[in-house]
Chemist: 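Handing you this structure, nothing more for now.
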2 protein chains.
Amino acid sequence: MSLRAVKPPHETRTRILDAAEELFMQHGFEGTSMRLLTTRAEVNLAAVNYHFGSKDALIEAVFRRRLDPMNAARIAALEKLETEAPGKPLAPETIIRAFVGESLRMIEDAKGGGRNFIRLLGRTYTEPAKAIRALIGQMYAPTMERYKAALERALPQMPREELVWRMHFMFGTLSYTLAATDAVQLIAGCKPEDRHDARLLEDRLTAFLAAGLGAPLKTAVRKAA
Amino acid sequence: MSLRAVKPPHETRTRILDAAEELFMQHGFEGTSMRLLTTRAEVNLAAVNYHFGSKDALIEAVFRRRLDPMNAARIAALEKLETEAPGKPLAPETIIRAFVGESLRMIEDAKGGGRNFIRLLGRTYTEPAKAIRALIGQMYAPTMERYKAALERALPQMPREELVWRMHFMFGTLSYTLAATDAVQLIAGCKPEDRHDARLLEDRLTAFLAAGLGAPLKTAVRKAA
DNA sequence: GTCTATATCATGATAGAC
DNA sequence: GTCTATCATGATATAGAC
């Protein structure tokens, strides 16, 4: 056992990742300079290039650190539900809650930086840079396929195309809500302690999304004139 | 009548605004340099500073050009509906359709640049720069107040706090959908001609949002432990 | 692994001729 | 109003001492 257990092996890496998470969320990628970032992390300016190679590689590392475990947890949550009720299709609301819950539990992790990451993630879904969009899409693909299959089993009567659109809407609601959890006070006054209560938000979001997903289908399909 | 009607009076201004709309949407504000912008607009590098004063002032002008008329149209649409049915509260779905419709009609305006602006707007809602967020929020405030009042009349039994959250969710769904209308193909294949059919999208969005807004209220209000 | 110093380049903005 | 030339600044990245 090493005698110098005081200093963690990758402390510098971690400090950089934490600072990047916070600053990217606040100022965006292009808006965050390496000077500001390394100053905030209290590491040397050259440390980012030494540990990650480039700014772009740092961005990727920031997402991988949180997104890979989060998506694994999402898939595990879904598989646990399906194992508990073998054969039977799950209720749509149950599926939605499993997906939403993993994001929202991270919001409660203010100290560990989880909240910073969740807000960063929310705003990155609409990021224009193609490389970043492609990166995120790739990390999400297996999870999305898995949940799509579950929803198809839960709603066999819904046209596949309509389901895809509604999943798109649901994803948008979630990511916007995550990105702008503090912006809600712009719309109206709202008790701050409620804003950060992830359980309440989970209930509200799940109810909204489940109702939207189950909206009545028009019997007459409109055709272009 | 002037003899030189060939060259519009503010052609340079317009060319700059159009190029800015497109490039800001593609690369963000910080990611768009004045050099790229003026090259794309085929104007001189110094023209932006001459006509707008600074890059920040240009950003503001880009939003004002479209947002002021769009919000005026939204308020006019709501007032028209209320005039047609005096005294009676409007159906929630009718109110939603009025709000959503004004955005989506702009999507069909591909040639005039309306689509570029709508996608820019969608991605700007999650923009981290505070100055831009404040600018947009300020331009939107009167419209939001107006629609909130209409929804309160339409849904008198809904707790005000719940309504605020659901409006937040609806706004998020709309803005994400506008920002990522091409990203839907990442989730699943989708006929391109449908993607740009604003009428179909308006129907789909309105049905989803109206159902979410009208989601059943939990009888037992959860209290924090 | 960490640091200082610096190379190299792109940025927003402006001065001043036309 | 438009152009060229340029300034001052800040960016990422790296070389090389420690």
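Per chain, numbering begins at 1; letters A, B, ... match sequence-line order.
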Chemist: Check the distance between C:dT11's P and B:H27's NE2 and give it to me in whole angstrom.
Modeler: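 Going from B:H27 (NE2) to C:dT11 (P), I get 12 Å.
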
Chemist: Which angle, rounded to 10°, do you find between the first-five-pair axis and the last-five-pair axis of the helix from C:dG1-D:dC18 to C:dC18-D:dG1?
Modeler: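 Answer for the end axes of this duplex: 0°.
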
Chemist: Rounded to whole Å, please give me the gap between CZ in A:R15 and C1' in C:dG1.
Modeler: 15 Å

Chemist: Should B:T173 and B:L205 count as side-chain neighbours, where that means a heavy-atom distance under 4.5 Å?
Modeler: yes

Chemist: Are A:R74 and A:F99 in a cation-pi contact, defined as NZ or CZ under 6.0 Å from the six-membered ring centre and within 45° of the axis?
Modeler: yes

Chemist: Counting N and O atoms only, with roles assigned by atom type, does the side chain of B:N71 sit under 3.5 Å from a partner on the main chain of B:M139, one being a donor and the other an acceptor?
Modeler: yes

Chemist: Under a 4.0 Å threshold between the charged nitrogen and the carboxylate oxygen, would B:R65 count as salt-bridged to B:E21?
Modeler: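 A salt bridge is present here (some side-chain N lies under 4.0 Å from a carboxylate O).
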
Chemist: Does A:L17 reach the side chain of A:L58, with side-chain heavy atoms less than 4.5 Å apart?
Modeler: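 Yes. Closest side-chain heavy atoms under 4.5 Å.
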
Chemist: Mind checking what makes ring-ring contact (aromatic ring centres under 6.0 Å, His included) contact with A:Y125, not counting sequence neighbours?
Modeler: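 Scan of A:Y125 (ring-ring contact (aromatic ring centres under 6.0 Å, His included), adjacent residues dropped) gives A:Y140, A:F171.
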
Chemist: Measure from CG on A:N44 to C1' on C:dT6 and round the result to the nearest Å.
Modeler: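 Rounded to whole Å, this separation is 13 Å.
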
Chemist: What's the spacing between A:R115 CZ and A:L120 CG if we round to 0.5 Å?
Modeler: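 Those atoms lie 14.5 Å apart.
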
Chemist: May I ask you to evaluate whether B:T12 reaches the phosphate of D:dT2, defined as a side-chain N or O under 4.0 Å from OP1 or OP2?
Modeler: yes

Chemist: Let me know, please, whether A:L36 or B:V43 comes out on the 5' side of the other along DNA chain D by nearest nucleotide.
Modeler: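 The residue mapped nearer the 5' terminus is B:V43.
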
Chemist: Is the gap between the ring centers of B:Y176 and A:Y176 under 6.0 Å?
Modeler: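 Here the rings of A:Y176 and B:Y176 have centres that are no less than 6.0 Å from each other.
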
Chemist: For nucleotides 12-18 of chain C, give me every protein contact, N/O to N/O, under 3.5 Å, one pair per line with atom names.
Modeler:
residue, atom, partner, partner atom, Å
C:dG12, OP1, B:K55, NZ, 2.8
C:dG12, OP2, B:M34, N, 2.6
C:dG12, N7, B:R35, NH1, 3.1
C:dG12, O6, B:R35, NH2, 3.3
C:dA13, OP2, B:K55, N, 3.1

